[in-house]
Q: 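What follows is a single structure, and I will ask about it in a moment.
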Amino acid sequence: MIDYKRELNPEQFQIVMEEGGPLLVIAGAGSGKTRTLTYRVARLIESGVKPERMLLATFTNKAARSMLSRVQTLLSCSFEAGFEKDINRLWGGTFHHIAHLILRVNAPLLGYERNFSIIDSEDARQLINTCITEAGGDKKSDNFPRANVLGDIIGLSVNTERSLEEVVAGRYPFFSHRLDDIKAVASHYSHRKKKLNVMDFDDLLFNWKRLLTDFPDVLKAYAERFSHVLVDEYQDTSIIQADILDLLASRHRNLMVVGDDSQSIYSFRGANFDNFIKFPERYSDCKIFKLETNYRSTPEILHLANMSIVNNEKQFQKNLRAVRGEGIRPVLVPAKDVFQQADFVAQRIIELIREGLPLHEIAVLYRAHYHSMELQMEMSRRAIPFEIRSGIRFFEQAHIKDVTSYMRIVVNPFDELAWKRVLGLHWKIGKATADKVWRFISAQAKPLAAIMTDEFLKCVTKAAAPGLLKCRNTIKTILEESPERVPSEIIDILIRGSYGEYIEKSYSDAASREDDLDQLGNFSTKFDSLEDFLSELALLTNMTEEAEHDPDAGAKSKVILTTIHQAKGLEWTIVFMIGCAEGMMPSPRSLKDQNGEEEERRIFYVATTRAKDQLYLCYPLFNYAKGMGSMVMSPSRFIRELSPLSHRAKDRPYDQWLVEEE
């Protein structure tokens with residue numbers, strides 16, 4: 001038999017050996033929660049629980065496969081007399097994977113055939129487009145949400161169990177006037193999926209819950225079957241996922257949920273913080289365990305993390321304790337501006353390389369993708385290999401290219417590629433129509449003057465004319481309102497005008513894209529002319545492309561650049577956090593939500609606990625803001641609010657455990 005007492009620490013051992021009932025495991029960062037879950041599954045099987053009567057729900061299939069593989073290894077070692085357990089009979093995987101298995105058997109009860117298809121996001125987008133057309137009226141118009149945005153609205157409604165009215169009012173208020181049309185298309189989309197015998201990813205959860213709530217015999221069968229239900233990363237579950245788990249555990253009540261309320265940072269995806277924090281209210285007899293022994297970070301880093309999260313009111317109190325010995329205190333790095341901040345990070349990375357540290361052991365974390373713009377530029381200039389986990393490189397994003405295409409037209413009216421990109425943004429202008437428009441433009445001696453004539457609008461069909469007129473009006477506004485061709489002014493004109501409307505209807509993260517464009521405008525102020533600005537962007541893009549086409553690039557170690565959200569669950573030897581200034585972290589938009597500040601503090605906590613050996617908190621002392629000029633910045637409230645270690649720290653409490661870089 002496995003020697004659990006020798007293999008586990010006392011906290012883990014107590015959880016693994018617990019008999020059953022509702023169990024809430026509060027697993028701090030780096031505390032070995034995966035190990036605890038793995039040994040818990042092995043112990044249950046050793047005690048006689050059949051694998052097929054256990055359900056292990058995770059958020060990635062990779063995590064489930066890893067845990068089950070480790071369980072198989074543990075059990076194969078413990079049964080030396082040839083006795084084997086078939087771990088493959090255990091139900092393990094993501095919520096969607098398990099839903100799929102159950103729906104394959106029970107689909108006819110819901111009006112589907114058992115051979116139903118699962119459509120991916122691209123298939124769903126195309127089907128929603130078809131539904132918009134079939135719904136009639138002016139739903140397929142220039143001011144109606146695009147199919148991908150409408151899909152996000154419908155999906156958020158399903159996962160949060162909120163009505164379409166609530167979702168639109170809360171997340172997409174600019175579409176409130178089209179609510180009836182949105183509901184009509186959503187209804188038609190649901191009908192078409194049933195008729196085509198297909199389900200999208202959100203349907204898997206929705207229909208799984210329907211099976212359990214509408215068909216008592218089905219609920220009875222599965223609640224009886226699963227004598228033990230175990231859940232990883234429970235703090236990331238949505239309302240519908242928590243409801244499903246409660247139903248499955250309703251018979252035996254052996255529900256073990258593992259997670260960390262201090263790492264609940266995905267509310268924008270539909271994760272419900274209350275699932276975790278109110279678990280003891282739903283299960284008044286639940287037993288609460290804490291994993292507080294951290295195997296990842298130094299005591300100095302953990303102390304900072306502990307002192308930051310203690311300021312949250314809604315939480316389970318815990319105190320991470322380090323196994324490792326003393327290390328280097330976290331470093332506070334005030335920089336003159338975002339450019340000096342980027343210079344410091346790049347220079348320190350070069351020093352670390354010289355010391356022999358592999359690049360992949362270094363990460364730069366930030367609250368918003370656009371915070372990394374200057375650093376991407378600086379690392380490109382210095383030829384430091386880096387990989388972006390938070391999306392594509394800043395200047396390669398679609399909305400950045402769209403806006404710079406308008407600028408390129410102003411500088412060079414004979415830029416065919418820029419014209420065709422801009423034309424393609426407008427209603428009813430496809431490739432063939434754009435080719436016609438370009439033939440007209442290229443034949444003119446003075447294109448910008450020629451597009452203001454009536455002949456310009458006559459080169460397209462009546463259906464495309466309104467879109468072409470809007471394109472012309474946008475360029476006309478740029479020329480009239482920014483005669484000096486100032487990049488930041490052009491960006492502001494575009495956001496306030498037709499391009500701002502385009503972003504809202506085309507992207508579910510419209511607000512973030514507007515932030516990117518604002519930052520691009522701030523960056524442009526350092527250039528004397530629009531031509532210089534565009535030339536610099538082109539040079540940086542070419543440098544990036546050359547690095548990516550380096551035949552040895554794939555084998556090279558790279559620094560990781562990522563948002564904090566994408567970094568959750570990962571760890572690095574050295575972590576730089578940039579933009580740790582008030583107004584950047586916490587996110588100003590998030591503070592508008594009732595519980596926004598506490599979630600932002602959890603984001604800060606997640607970032608600090610990614611570091612193993614060294615942590616740098618960097619922030620600019622001055623930053624340029626549109627309409628306000630250069631502004632004085634202060635350290636983030638999450639730094640300033642750290643409690644003092646002694647009475648001598650009252651004036652600057654955080655400097656007692658932060659070394660300040662000079």
Side-chain angles (χ1 to χ4, degrees), residues 1-2 4 15-25 33-59 61 63-79 82-107 109 204-205 208-209 211-213 215-234 237 241-259 279 282-283 285-287 289:
M1 302 292 285
I2 300 169
Y4 293 100
I15 296 165
V16 167
M17 302 308 293
E18 181 62 38
E19 285 304 314
L23 308 177
L24 175 64
V25 179
K33 71 175 178 61
T34 301
R35 184 179 184 83
T36 304
L37 264 172
T38 301
Y39 275 81
R40 171 75 177 170
V41 171
R43 209 276 300 172
L44 289 172
I45 294 175
E46 272 195 343
S47 67
V49 178
K50 294 181 179 179
E52 62 266 29
R53 300 203 63 191
M54 299 172 62
L55 185 147
L56 174 61
T58 63
F59 273 82
N61 283 314
R65 287 194 299 269
S66 174
M67 276 191 259
L68 296 181
S69 174
R70 290 167 68 176
V71 170
Q72 183 80 69
T73 301
L74 284 173
L75 293 178
S76 64
C77 293
S78 66
F79 294 100
F83 182 75
E84 295 183 356
K85 296 284 185 178
D86 187 7
I87 196 66
N88 293 324
R89 297 199 306 272
L90 191 150
W91 288 56
T94 65
F95 284 87
H96 294 88
H97 171 72
I98 298 166
H100 173 233
L101 296 178
I102 292 175
L103 288 170
R104 278 290 171 212
V105 177
N106 299 282
L109 293 174
L204 293 176
L205 297 183
W208 185 10
K209 184 179 177 182
L211 272 175
L212 300 179
T213 54
F215 300 92
D217 289 345
V218 174
L219 172 60
K220 181 179 179 182
Y222 285 103
E224 177 60 40
R225 174 171 193 156
F226 297 125
S227 61
H228 285 268
V229 178
L230 303 95
V231 190
D232 189 20
E233 303 286 7
Y234 186 69
T237 55
Q241 289 168 331
D243 287 347
I244 289 169
L245 293 169
D246 289 344
L247 289 165
L248 292 175
S250 59
R251 166 68 176 84
H252 298 284
R253 302 187 81 255
N254 292 321
L255 175 61
M256 173 176 163
V257 299
V258 182
F279 188 83
R282 297 206 313 281
Y283 294 89
D285 59 335
C286 82
K287 296 179 181 178
F289 300 90

Q: Output yes when a side-chain donor or acceptor of Arg251 lies under 3.5 Å from a complementary backbone atom of Tyr222, and no otherwise.
A: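 Between the backbone of Tyr222 and the side chain of Arg251 there is no qualifying donor-acceptor contact (under 3.5 Å).
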Q: Between atom CG of Leu68 and atom OG1 of Thr38, what is the distance when rounded to the nearest 0.5 Å?
A: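 Result: 8.5 Å between the selected atoms.
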Q: May I ask you to decide if Arg65's main-chain N or O and Ser69's side chain share a donor-acceptor pair within less than 3.5 Å?
A: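 It does not hold such a pair.
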Q: What pair of heavy atoms forms the shortest contact from Leu204 to Ala99, and how long is it?
A: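 Looking at all heavy atoms of both residues, the shortest contact is O-CB, 3.6 Å.
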Q: Indicate yes or no: at least one non-hydrogen side-chain atom of Leu247 is less than 4.5 angstrom from one of Trp208.
A: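 The answer is no, as the side chains (C-beta and beyond) never meet within the 4.5 Å cut-off.
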Q: Can you tell me if NZ on Lys287 sees more than 12 non-hydrogen neighbours from other groups inside 6.0 Å?
A: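 Open: at most 12 neighbouring heavy atoms sit under 6.0 Å from NZ of Lys287.
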Q: Quick check: closest heavy atoms across Ala64 and Gly92, and the distance to 0.1 Å?
A: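 Minimum heavy-atom contact is CB-C, 4.1 Å.
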Q: For a 4.5 angstrom cut-off between non-hydrogen side-chain atoms, does Met17 reach Arg43?
A: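 The answer is yes; the side chains approach within 4.5 Å.
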Q: Between Val16 and Arg40, what is the shortest heavy-atom contact and its length?
A: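 Heavy-atom minimum between the residues: O-NH1, 3.2 Å.
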Q: Starting at NZ of Lys209, measure out to CG of Leu245 and round the result to the nearest 0.5 Å.
A: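 Answer rounded to 0.5 Å: 11.5 Å.
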Q: Drop me the distance from Asn61's CG to Ser66's OG, to the nearest 0.5 angstrom.
A: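 Reported to 0.5 Å precision, the distance equals 12.5 Å.
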Q: Could you tell me if the side chain of Ile15 sits less than 4.5 Å from the side chain of Leu37, heavy atoms only?
A: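 Answer no - side chains too far apart.
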Q: For Ala42 and Ile2, work out which heavy atoms get closest and say how close.
A: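 Closest approach of Ala42 to Ile2, heavy atoms only: CB-CD1, 4.1 Å.
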Q: Backbone N or O of Glu233 within a donor-acceptor pair of the Thr237 side chain at under 3.5 Å?
A: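 Checking the backbone N and O of Glu233 against the side chain of Thr237, no donor-acceptor pair under 3.5 Å is found.
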Q: Looking only at heavy atoms, which two atoms of Arg225 and Arg53 are closest? And how far apart?
A: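 Nearest heavy atoms, Arg225 then Arg53: O-NE, 3.1 Å.
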Q: If I take atom OG1 from residue Thr36 and atom CE from residue Met256, how far apart are they, to the nearest 0.5 angstrom?
A: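 Answer for the OG1-CE pair, Thr36 versus Met256, is 7.0 Å.
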Q: Quick one: does Val25's side chain get under 4.5 Å of Lys33's, heavy atoms only?
A: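 A side-chain contact is absent here, since even the closest heavy-atom pair is not under 4.5 Å.
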Q: Once rounded to the nearest 0.5 Å, what's the spacing between atom CG of Leu248 and atom CG of Asn254?
A: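 Nearest 0.5 Å value for the CG-CG distance: 13.0 Å.
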Q: Can you see which heavy atom on Ile244 is nearest to which on Leu205, and at what distance?
A: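 Closest heavy-atom pair between Ile244 and Leu205: CD1-O, 3.7 Å.
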Q: Quick check for you: to the nearest 0.5 Å, what is the distance between Tyr283 atom OH and Leu255 atom CG?
A: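 Reported to 0.5 Å precision, the distance equals 5.0 Å.
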Q: Which residue in the set Leu56, Val41, Ile45 passes side-chain contact (heavy atoms from CB on, under 4.5 Å) when paired with Pro51?
A: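 It is Ile45; the other options fail the test.
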Q: In the structure I gave you, are the side-chain heavy atoms of Phe59 and Gln241 within less than 4.5 Å of one another anywhere?
A: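 Yes. Closest side-chain heavy atoms under 4.5 Å.
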